[in-house]
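One structure is given below, encoded as structure tokens.
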Amino acid sequence: MRTTLDLNETLLAEAMRWTGETTKTAVINAALREIIKSQKRGKLVEFAGKLHLDIDLDITRKRNELHS
């Protein structure tokens, strides 16, 4: 999708240096992915202490050993 944006060139250049991306499109797409991941992580944190998982670690460990 083509879009015209007025971007802060200093921020864009710094983001490109940090990410190693070589195009504006690539660095913007990377930034969008990071925003989405961050928001999803934040939603997961809201569940901290609210979920009860009945997991038998001995069974889980044995299953992992079988697949090794």
Pairs involving residues 11-22, ordered by first then second residue, that meet side-chain hydrogen bond (donor to acceptor under 3.5 Å, both in side chains) (sequence neighbours left out) |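 Applying side-chain hydrogen bond (donor to acceptor under 3.5 Å, both in side chains) to every pair that reaches into residues 11-22, excluding sequence neighbours, yields Glu14-Trp18.
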
Thr25 side, atom OG1; Arg2 side, atom CZ - distance, nearest 0.5 Å =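 Rounded to the nearest 0.5 Å, the OG1-CZ separation comes to 8.0 Å.
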
Set of side chain to side chain contact (heavy atoms under 4.5 Å, CB included) partners for Leu57, sequence neighbours left out =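 Once residues adjacent in sequence are excluded, the partners of Leu57 under the side chain to side chain contact (heavy atoms under 4.5 Å, CB included) criterion are Ile55, Arg61.
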
What residues form a side chain to side chain contact (heavy atoms under 4.5 Å, CB included) with Asn8, not counting sequence neighbours?
-> Thr10, Leu11

Any salt bridge (Lys or Arg N to Asp or Glu O under 4.0 Å) pairs touching residues 25-36, not counting sequence neighbours?
->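 Checked against salt bridge (Lys or Arg N to Asp or Glu O under 4.0 Å) - neighbours excluded - the pairs reaching residues 25-36 are Glu34-Lys37.
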
Co-members of the apolar cluster containing Val27 [side chain, <4.5 Å] =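 Direct or chained contacts put Val27 with Leu5, Leu7, Leu12, Met16, Ile28, Leu32.
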
Review item, side-chain donor-acceptor pairs of residues 40-49, under 3.5 Å, at least two apart:
none

